[in-house]
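Order of the sequence lines sets the chain letters (A, B, ...), proteins ahead of strands, with each chain counted from 1. Please read these numbers as outputs of a predicted model, since none were measured by experiment.
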Amino acid sequence: MNKSFREFSHTSVHLFWMALLLLFSFNASAHSETGVIGGFASGFMHPLRGLDHIVAMVAVGLWGAFLGAPAMLVLPVIFPMVMAVGGAIGILGIPLPGIETGIALSGVILGSMVLFAVQPPLWIAGSIVGFFAIFHGYAHGAELPNAANAITYAVGFVTATGMLHLGGISLGLLVRWPWGRLTVRAGGAMIALTGFAFLFHLI
Amino acid sequence: MTYMNRSSALRCALICSVALLLLPLTAMAHTSIAGAGDFVTGLLNPLTTPGHILILIGLGLLAGQHPPVQLKYTIGTFVSVLTISLLLTTTSYVVAVSSTVIFCLALVVGILVALELQLFLIICCVLFATAGALIGLDSVVEAGAVQSPFTTLAGTWVSATFLLVDIPIYTCNANKKWMKIGIRVTGSWIAAIAMLVLAFHFRK
């Protein structure tokens, strides 16, 4: 098979996928919190609206990068599933004490793990991350707007969380250089300080 | 897969999977779509029904995680049961399928993909048969919604089968570690979405 045919086939496959995606365009919903797009936007923005959530999600990615493979790749598998359990508890309205404290502590603990470059066994790291995921998921579930489309809210919420992890992992990849390692640990310190600020209601 | 780079193909498949996950709508159970013919209405039904698309993507990923020799059995089972179920919807023997059951199956499939469990062939076949039955029976053509129910059902059959056959082609070729983890992350997202939707269903 010659090179030009390969290039043509490659391009045609890309064009096929692009054409397929064009079939799924919808009407603009112009900032509405209701309906399909509104539900997605609401769910997607929810984890991004709270600094306490953002720093914890990024810390998961940073810590994963410090731990290296397989932890770097396994933690993003564990977190969404456990977070969804917390989200389900929140949606069902089952009381769970200490949510705000748990979320603030997640920043302190996960930030400290990054700061001190702690490298526990994978099951311990997974347990710590999973434990705090419950609190974050609960907060998202309990604060769900009534008007939001349930399915697209869930899709948006999970997607945004995954992207924050990806952002953390991307930053964490700097650890392969000495200056990068210092930068990532400094990031961990900032996350821990942010967590302390939330814990003592300074923010 | 001789004519294109495998990682590019997988990247395309993953981008499209995520894009399709972003676009689900509420269940429409074959109401007619303005401007679309009967066949296109059926073609779009599995793609626009959230429970169906979650199950189909999940099963596609699951099939790809298993040795290729199993594909012909699992996909063959799915297609056979789907065909029978779709035909059953045209008779009076059709059973209404609760969306809760559909999302329960999506949750199970998502967890299996996330855990990357190697299942026995018989368990895989039962899982695929269940999915085929549920998707088929949940694709009832509403009376008077379309001119030709069989054309609409044919569209649904083509769409569901294409999706289920297409995804394993890419996932079977995921040889690198990060690709396999990417598939598991997608599985965990499917499980998380299904779990949240189930919680919405059970909310008072």
Spacing of CZ belonging to Phe200(B) relative to CG belonging to Leu92(A), to within rounding of 0.5 Å = 10.0 Å

Does atom CE of Met163(A) have more than 12 heavy-atom neighbours from other groups under 6.0 Å away?
-> no

Checking heavy-atom separations under 4.5 Å from chain A, one finds in residues 106-121 of chain B Ile111(B), Ala114(B)

Sort Phe79(A) into side chain, backbone, both or neither according to what part of it lies under 4.5 angstrom from a heavy atom of chain B.
-> neither

Residues two or more places apart in sequence or in another chain: which of them pass side-chain contact (heavy atoms from CB on, under 4.5 Å) with Ser80(B)?
-> none

Might you point out which heavy atoms bring Ser188(B) and Pro80(A) nearest each other, and give the distance in Å?
-> OG-CG, 3.8 Å

What part of Val85(A) is in contact with chain B, defined as an atom under 4.5 angstrom from a non-hydrogen atom: side chain, backbone, both or neither?
-> both

Nearest-0.5 Å distance, CD1 of residue Ile151(A) to OG1 of residue Thr49(B) = 9.5 Å

Give, for atom NE2 of His201(B) and atom CD1 of Ile91(A), the distance between the pair rounded to the nearest 0.5 Å.
-> 10.5 Å

Who among Val185(B), Val197(B), Leu196(B) has the most heavy-atom pairs with chain A under 4.5 Å?
-> Leu196(B)

Identify the heavy atoms of Met195(B) and Met81(A) that sit nearest to each other, and give their distance.
-> CE-O, 4.0 Å

